[in-house]
Amino acid sequence: MRPESRKIPARTTDALLMLMAVLFSRSILATGDELAMVVGSHSLLRPPAMIAVKKGAILHGLDARMYSAIHKARRVWTRHGKTLVVTSGLDGRHKKGSLHYAGLAVDLRSRYFVPSTRKKVTRELRRSLGDGFQVIGEKHHIHVEYDP
Ligand SMILES: [Zn+2]
């Protein structure tokens with residue numbers, strides 16, 4: 001893992017809770033301790049969730065549909081042997097009116113894929129997300145937005 005990447009930190013616990021809710025379809029009303037328990041027991045059953053968040057990326061405030069999209073993307077990335085890294089959410093500088101500012105867009109790292117794999121990943125993600133989502137291949141990342 002690159003130095004600027006890391007596991008989801010404590011300050012995005014609420015984002016993680018949302019993600020857990022998507023993964024397990026259970027109530028998101030859990031305390032930090034309960035969350036640690038869920039994560040702990042989860043890790044006994046399966047390999048660790050292959051999601052990392054780039055330092056500085058803000059996921060707090062993302063629309064719930066984006067968490068679902070991130071979960072689906074994780075499956076695609078895992079299938080191609082890479083850890084999914086969310087490189088941008090509500091942070092960063094995007095063009096005026098960008099859906100990033102509305103919590104309806106994320107950027108996902110793609111620079112570690114060779115061009116042919118990147119194309120495949122883009123196509124598979126587009127198919128997995130279905131209608132309403134735009135999946136756009138940029139130079140170093142894949143931009144995903146919900147724009148029905
Ligand atoms: Zn973007």
Side-chain angles (χ1 to χ4, degrees), residues 1-30 32 35-36 38-39 42-43 46-148:
M1 196 175 291
R2 302 181 65 87
E4 78 268 26
S5 304
R6 68 210 150 116
K7 295 294 176 196
I8 294 172
R11 69 182 172 78
T12 55
T13 294
D14 52 345
L16 186 58
L17 281 168
M18 290 294 294
L19 198 57
M20 298 299 280
V22 170
L23 292 172
F24 302 109
S25 308
R26 64 169 69 187
S27 166
I28 61 169
L29 298 171
L35 175 70
V38 171
V39 171
H42 176 63
S43 67
R46 295 187 194 198
M50 302 268 281
I51 299 175
V53 181
K54 185 179 173 181
K55 191 174 179 178
I58 297 170
L59 301 190
H60 179 81
L62 273 186
D63 187 280
R65 283 166 290 210
M66 295 315 296
Y67 291 109
S68 168
I70 289 170
H71 173 55
K72 285 176 178 170
R74 181 189 63 84
R75 288 192 196 156
V76 176
W77 264 244
T78 302
R79 209 156 49 224
H80 290 280
K82 294 292 183 195
T83 296
L84 176 68
V85 181
V86 181
T87 60
S88 186
L90 284 88
D91 53 280
R93 288 188 201 166
H94 306 280
K95 63 176 189 278
K96 212 178 156 194
S98 163
L99 286 174
H100 277 283
Y101 301 121
L104 288 167
V106 290
D107 294 336
L108 308 173
R109 179 164 293 162
S110 63
R111 68 178 186 211
Y112 40 34
F113 293 124
V114 298
S116 60
T117 306
R118 195 180 312 168
K119 258 190 203 165
K120 232 182 271 176
V121 164
T122 306
R123 212 167 39 226
E124 287 177 23
L125 183 60
R126 201 171 280 144
R127 200 183 309 133
S128 170
L129 295 180
D131 290 343
F133 284 93
Q134 305 274 333
V135 179
I136 301 157
E138 305 278 0
K139 198 173 177 193
H140 297 300
H141 67 266
I142 294 172
H143 170 92
V144 178
E145 64 179 42
Y146 184 72
D147 187 17

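Every number for a ligand or one of its atoms is a count from 1 in the order of the listing.
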* Asked: With sequence neighbours excluded, what pairs up with H100 under the ring pair (Phe, Tyr, Trp, His ring centres under 6.0 Å) test?
  -> H94, H143
* To do: Tell me how many protein N, O or S atoms are closer than 2.8 Å to the Zn ion (ligand 1).
  => 3
* To do: May I ask you to test the I142-F113 pair for a side-chain heavy-atom distance under 4.5 Å?
  => no
* Asked: Among all residues two or more places apart in sequence or in another chain, which pass the side chain to side chain contact (heavy atoms under 4.5 Å, CB included) test with K119?
  -> none
* Structure fact -> Test side chain to side chain contact (heavy atoms under 4.5 Å, CB included), reference L90, set L104, L59, L62, output is L62
* Structure fact -> salt bridge (Lys or Arg N to Asp or Glu O under 4.0 Å) pairs touching residues 139-148, sequence neighbours excluded, are none
* Structure fact -> Tested for salt bridge (charged side-chain N to carboxylate O under 4.0 Å, His left out) against E124, the lone hit among R79, K72, R75 is R79
